Amino acid sequence: MTEHWTVAVGVKQVPDDDEVRIDPDTGRLDRASAPAVMNGPDRNALEAALRLRDEVGGRVVAMTMGPPTATDVLEESVAMGCDDALLVSDKAFAGSDTWPTSLTLAKAAEYLDADVVVCGEETTDSSTGQVPPGIAAHNGWAQLTYVEELEPRPEEGRLVARRDVEGGHEVVAADLPAVAAIAYGENEPRPAGLHRKIYAENEFEPEMATAEDLGLDPDEVGIDASPTQVGGMETVAPADRDGEIVDDAAALLDAMRSEEVVP
Amino acid sequence: MTEIDVDEYADVWVFVEEHDGEVAPVSWELLGEARRLADESGEDLVALVIGEDVDDAAEEAVARGADRVLVADDPVFEPYRADPYGAQFRHLVEERQPSIVLIGGTTTGRDFAGRVAVPAHAGLTADCTELDVGEDGLLEARRPAFGGNVLATILCEDHRPQMATIRPGVFEAADRDPDRDGEIESVEVVVTEDETISEVLEREVGDTVDITDADRIVAVGGGCDGDLEPVLELAEALDAELAASREAVDEGWVENSRQVGQTGKTVRPDLYVAVGISGAIQHIEGMQKSGTVVAINNDPNAPIFEHADYGVVGDLFEVCPELADLAREADDPKEVIQ
């Protein structure tokens, strides 16, 4: 087992969900309405990955699948401390659901010769949480999800995680290579250093890879390889309630009593 | 891409999630909904139980509506790990070819569903809140998207099985009928300990709470700033279960099994008291079916007030203890005598 680890971090550019607007006529997302930002949980993934490198030695490579504009999130990753970055970009990927997306990232992880892949627990735009287990499943690797903390054990060739499970926690060891999905908010992501920032913005160029570079047939990815399709969308606004503002706790209790929901 | 004949796939499967002798309540919710889907399409409802010493769970699955139960019983499955569960489940799916597979959207379900869907090249829809079978026989899996502003219908036309994880609390649990008949089949275990690539070193799991069953809920959000004392006091005084917004869970103040909302649970108590919760759409998603909704927030413009029946604009650190005191006084028989 290698003494130094190559840690690949999956990052994604998403629409800022605080700014997302839905076109009321079509019910579809108006992508132009929202600025593109780094998926929030990915910052926790980057921090967890950088800590692994700091402990074990080796390198951290940020990887993303997306259009050329997704370079922005790779630059941010490099500014935060990643050693390198890979942009996986190809028209063949258009329309990918989680199945080909995780296949593509699984191939990218192999291409980078990664010992560990670290991701955020889910993305804020689709919130499926399926891509990290999907990467592990495509490669037949071990997986650790809902991770609070990672502990590298290079001498054992394993990665140990404290993870969140219903009603408690568990500590799980995974054989390498492994995929870890970090629970949102579980660590304090380090700020980008000024010098790293200048370097990332002015000098750094990510490595580029196409489907072919990763050894993927165009038929294996994109919309044709996606088992799921969106059959329709409807806007749903939860029903507004009266929202009667009362003066104080006493009035609130009276109101609750009038509804017979408290004794 | 290999074409498959979708007509060779039949039956609705439900994964019955069992840990340490306890079945996750979402399993019975899925059996209830899946019974409806199976009856509509004239197919069998099959429950799948994986674990060690899971006879009770298998019998309960029959009582809750399963026509057949497949049981994979072996020490390799206890405690849960993604790789042996995924491998066993995948083997059964490939061997028996179900048309629909439903899995609870718990941390466990979300963890291993992909280890079945990926090798099977199956469609997997996450965190669904509505299910139907269309006229063409396709599963219509509906899930909130774009932060809950949109309900998307996801279809899987050319791949099988049609898999979905379902958010806990969305469906009513299936009634149990101890006299129901069903066939329980012990299946071949295809996983050995030698092949596993993960190991559980420690496990500390207490009693899991089920907020989806609570009649009254007091939920806390970011406004409490990590000080849960006034909220816990109010919950106790109202005899309510504690719940939380995503923010309070992400901050580590409240355990994730108490999270209400798009990535948590759906609740429908008689009374829902939202304390220091701003009311993001993702949260509203999970509590809008509550009876009476009450909000306490110091920001008069917080969206939660639009989704509440009654609200107090005020500091939760003052309003909660006062409300708790008043509620307790009302319970005090001496007050009634006065």
Side-chain angles (χ1 to χ4, degrees), chain A residues 17 20 22 27 29 98-99 102 125-130 133-134 137-138 142-143 145-146 160 164-175 184-185 219 224-225 227-236 238-246 248-250 252-253 255-256 259 261-263, chain B residues 1 82-83 106-107 110-111 114-115 118-119 121-126 140 146-147 149-156 159 197-206 208 238 250-251 256-257 263 270-271 284 288 291-294 305-313 319 322-323 326-327 330-331:
Chain A
D17 63 348
V20 164
I22 304 297
L29 179 76
T98 56
W99 196 96
S102 49
D125 58 349
S126 54
S127 316
T128 68
Q130 285 171 8
H138 276 293
Q143 71 187 50
T145 56
Y146 302 100
V160 174
D164 213 352
V165 294
E166 303 275 327
H169 304 274
E170 62 180 23
V171 178
V172 183
D175 295 353
Y184 186 32
D219 290 347
D224 290 343
T228 62
Q229 308 95 39
V230 178
M233 294 224 236
E234 48 190 306
T235 23
V236 278
D240 283 354
R241 295 173 186 248
D242 287 344
E244 187 188 329
I245 301 294
V246 298
D248 53 20
L252 201 55
L253 189 63
M256 292 194 289
E259 301 279 354
V261 287
V262 293
Chain B
M1 204 176 66
D83 53 301
T106 58
T107 49
R110 288 180 121 227
D111 188 57
R115 291 200 89 101
V118 159
H121 206 161
L124 172 58
T125 308
E140 297 173 349
F146 305 127
N149 292 297
V150 168
L151 196 64
T153 302
I154 309 296
L155 304 172
C156 176
H159 295 254
I197 47 177
S198 57
E199 182 188 359
V200 178
L201 305 178
E202 282 173 47
R203 200 170 143 80
E204 333 136 16
V205 179
T208 46
L238 295 177
D250 286 344
E251 291 286 351
N256 72 339
S257 50
T263 49
D270 299 331
L271 172 67
I284 303 300
Q288 57 179 322
T292 300
V293 176
V294 168
F305 289 118
E306 290 163 31
H307 304 289
D309 299 293
Y310 302 98
V312 167
V313 179
V319 179
E322 202 187 332
L323 187 55
L326 289 167
D331 280 346

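Keep in mind it's a predicted model, so treat the numbers as computed, not measured. Within every chain, numbering begins at 1; the chains are lettered A, B, ... in the order of the sequence lines, protein sequences first and strands thereafter. Below, each value reflects all heavy atoms present in this structure, side chains not excepted, and no hydrogens, waters or symmetry copies.
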Flag the one option from [options] with the top tally of heavy-atom pairs under 4.5 Å to chain A.
options: Gly291(B), Gly206(B), Ala82(B), Gly311(B); answer: Gly311(B)
options: Val205(B), Val200(B), Asp309(B); answer: Asp309(B)
options: Ile284(B), Thr106(B), Val118(B), Leu238(B); answer: Val118(B)
options: Thr125(B), Thr292(B), Asp270(B); answer: Thr292(B)
options: Glu322(B), Glu251(B), Glu140(B), His307(B); answer: His307(B)

Looking at [options], which makes the most heavy-atom pairs under 4.5 Å with chain B?
options: Val262(A), Asp242(A), Asp164(A); value: Asp164(A)
options: Gly231(A), Ala173(A), Ala174(A); value: Ala173(A)
options: Ala255(A), Gly129(A), Gly167(A); value: Gly167(A)

Is the closest side-chain heavy-atom distance between [X] and [Y] below 4.5 Å?
X: Leu323(B); Y: Leu252(A); result: yes
X: Gln130(A); Y: Trp99(A); result: no
X: Gln143(A); Y: Arg115(B); result: yes
X: Val294(B); Y: Leu271(B); result: yes
X: Val293(B); Y: Gln288(B); result: no

Between Asn256(B) and Thr107(B), does the side chain to side chain contact (heavy atoms under 4.5 Å, CB included) criterion hold? Intermediate values first, please. CA-CA 9 Å; Asn256(B) 72 339; Thr107(B) 49; 3.6 Å; yes
Please state whether the side chain, the backbone, both or neither of [X] comes within less than 4.5 Å of a heavy atom of chain A.
X: Leu201(B); result: both
X: Ile154(B); result: both
X: Ala152(B); result: both
X: Val312(B); result: both

What part of Glu166(A) gets closer than 4.5 Å to chain B, counting heavy atoms only: side chain, backbone, both or neither?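 Interface part for Glu166(A): both.
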Given a strict heavy-atom distance threshold of 4.5 Å, which part of Tyr184(A) is in contact with chain B: side chain, backbone, both, or neither?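 The answer is both parts of Tyr184(A).
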Under 3.5 Å, is there a donor-acceptor pair linking the side chains of Arg241(A) and Tyr310(B)?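 No pair is found: no donor N or O on one side chain lies under 3.5 Å from an acceptor on the other.
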Just by distance, with hydrogens left out, do Asp83(B) and Ser198(B) show a side-chain donor and acceptor under 3.5 Å apart?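 Present: a donor and an acceptor within the cut-off.
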Please check: side-chain N/O of Glu234(A) versus main-chain N/O of Gly232(A), any donor-acceptor pairing under 3.5 Å?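 Not a single qualifying donor-acceptor pair exists.
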